[in-house]
Amino acid sequence: MNRREFLQASAAAGLTLAAGPRAMATDPRVIPGPKASSWLSLLGQGLGDGHDYRPEVTGRIPDSLRGTLYRNGPGLFERNGYGKQHLLDGDGMIQAFDIGPEGARYRNHFVRTPKYLAEEAAGRFLEPTWTTLAPQWHNNLPGYPTESQAGITPVVHHDRLFALDEVGEPFELDPDTLEDRGQRPIVASDAPDSWKAHTKIDG
């Protein structure tokens, strides 16, 4: 451990101890955050994955509008009755909006990161996220998330779909089925050296 890492760990430990009982809770679940009283509270309601349906369309979709729009963002905020403290803390969910001659189609899928799979198996939150502490205080070191939620940006590169996050390498998914292909870097001769979580592509 170098000097910088030691200082980061020390600061994180101090913040964790200062947070009091919430950070040191013996209950293996995260204490629920305050519920918003306005329509904003709807943004914090999770949506189960595996949806695949064709919504009813009022009006007519232009013939020139064809293709798939991918969106990514936090989509899982609660486990076993315990919720995250902030919208940024939810696990990543890829959404696909397909527009074709037959109409519109909606699909969604939670990215199966190691964090997601471990917490799914345990039935409770285990890892800290951006504003919500882990139930075991030592898991909150070094003071920021170390496990990817894959919940920020979707990137399609050479017909490959990736979910990006601030932490770790991107996660690849099948662009047609949304099935997981694992965590791997985006490698191509014309790819940037480093893809960032908030990557934008200018056509």
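Worth knowing before you read on, the calculation uses all heavy atoms, side chains too, and leaves out hydrogens, waters and symmetry mates. Keep in mind that this is a model prediction, so the values were computed, not measured.
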Contacts of type side chain to side chain contact (heavy atoms under 4.5 Å, CB included), residue Pro175, not counting sequence neighbours: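 Checked Pro175 against side chain to side chain contact (heavy atoms under 4.5 Å, CB included); matches are Tyr70, Leu161, Arg181.
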Tell me every residue that passes side chain to side chain contact (heavy atoms under 4.5 Å, CB included) with Glu119, counting only those two or more places apart in sequence or in another chain. Arg79, Asp91, Lys115, Phe125, Leu126, Glu127
Single-linkage hydrophobic cluster Leu117~Phe171, side-chain heavy atoms < 4.5 angstrom: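 Cluster IDs for Leu117 and Phe171 differ.
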When hydrophobic residues are tied together by side-chain contacts of less than 4.5 Å, even through go-betweens, does Val57 share a cluster with Leu69? no
[X] side chain to [Y] main-chain N or O, any donor-acceptor pair under 3.5 Å?
| X | Y | answer |
| --- | --- | --- |
| Glu169 | Gln183 | no |
| Thr132 | Gln85 | yes |
| Gln149 | Gly90 | yes |

ring-ring contact (aromatic ring centres under 6.0 Å, His included) against Phe97, all qualifying residues, sequence neighbours excluded: Tyr106
Applying ring-ring contact (aromatic ring centres under 6.0 Å, His included) to Phe110 and not counting sequence neighbours gives Tyr116
Are side-chain heavy atoms of [X] and [Y] found at a separation under 4.5 Å?
| X | Y | result |
| --- | --- | --- |
| Ile99 | Thr68 | no |
| Arg66 | Pro101 | yes |
| Pro128 | Leu133 | no |

Nearest-0.5 Å distance, [atom1] of residue [X] to [atom2] of residue [Y]:
| X | Y | atom1 | atom2 | value |
| --- | --- | --- | --- | --- |
| Leu87 | Phe77 | CG | CZ | 5.5 Å |
| Asn108 | Met93 | CG | CE | 5.0 Å |
| Arg112 | Asp180 | CZ | CG | 6.0 Å |
| Leu178 | Ile94 | CG | CD1 | 7.5 Å |

Salt bridge or not for Arg54 and Glu102, using N-O below 4.0 Å?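 Salt bridge: yes.
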Looking at Asp49 and Arg107, does any basic side-chain N land under 4.0 Å from a carboxylate oxygen?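 Salt bridge absent between Asp49 and Arg107.
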For Leu88 and Thr129, what are the C-alpha separation, side-chain angles and deciding distance, and is it a side-chain contact (heavy atoms from CB on, under 4.5 Å)? CA-CA 8 Å; Leu88 295 179; Thr129 46; over 6 Å; no
Please give me the minimum heavy-atom distance between [X] and [Y], naming the atom from each residue.
| X | Y | answer |
| --- | --- | --- |
| Ala163 | Ala150 | CB-O, 3.8 Å |
| Leu164 | Pro170 | CD1-CB, 4.0 Å |
| Asp174 | Thr177 | OD1-N, 3.0 Å |

Begin from the C-alpha positions of His198 and Ile152 and carry the test side-chain contact (heavy atoms from CB on, under 4.5 Å) through to its verdict. CA-CA 7 Å; His198 298 274; Ile152 298 180; 3.5 Å; yes
Glu166: what forms a salt bridge (Lys or Arg N to Asp or Glu O under 4.0 Å) with it, not counting sequence neighbours? none
Partners meeting salt bridge (Lys or Arg N to Asp or Glu O under 4.0 Å) with Arg71 (sequence neighbours left out):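 Expected list: none.
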Check the pair Arg160, Glu172 against salt bridge (charged side-chain N to carboxylate O under 4.0 Å, His left out), reporting the backbone distance first and the verdict last. CA-CA 7 Å; Arg160 299 170 68 191; Glu172 184 176 357; 2.9 Å; yes
Using the rule given for side-chain contact (heavy atoms from CB on, under 4.5 Å), can you reason through Asp89 versus His86, listing the C-alpha separation, both sets of side-chain angles and the distance that settles it, and then say yes or no? CA-CA 6 Å; Asp89 290 349; His86 195 280; 4.0 Å; yes
Could you please spell out the steps behind the side chain to side chain donor-acceptor pair (under 3.5 Å) verdict for Asn72 and Thr153? CA-CA 6 Å; Asn72 190 13; Thr153 304; over 6 Å; no
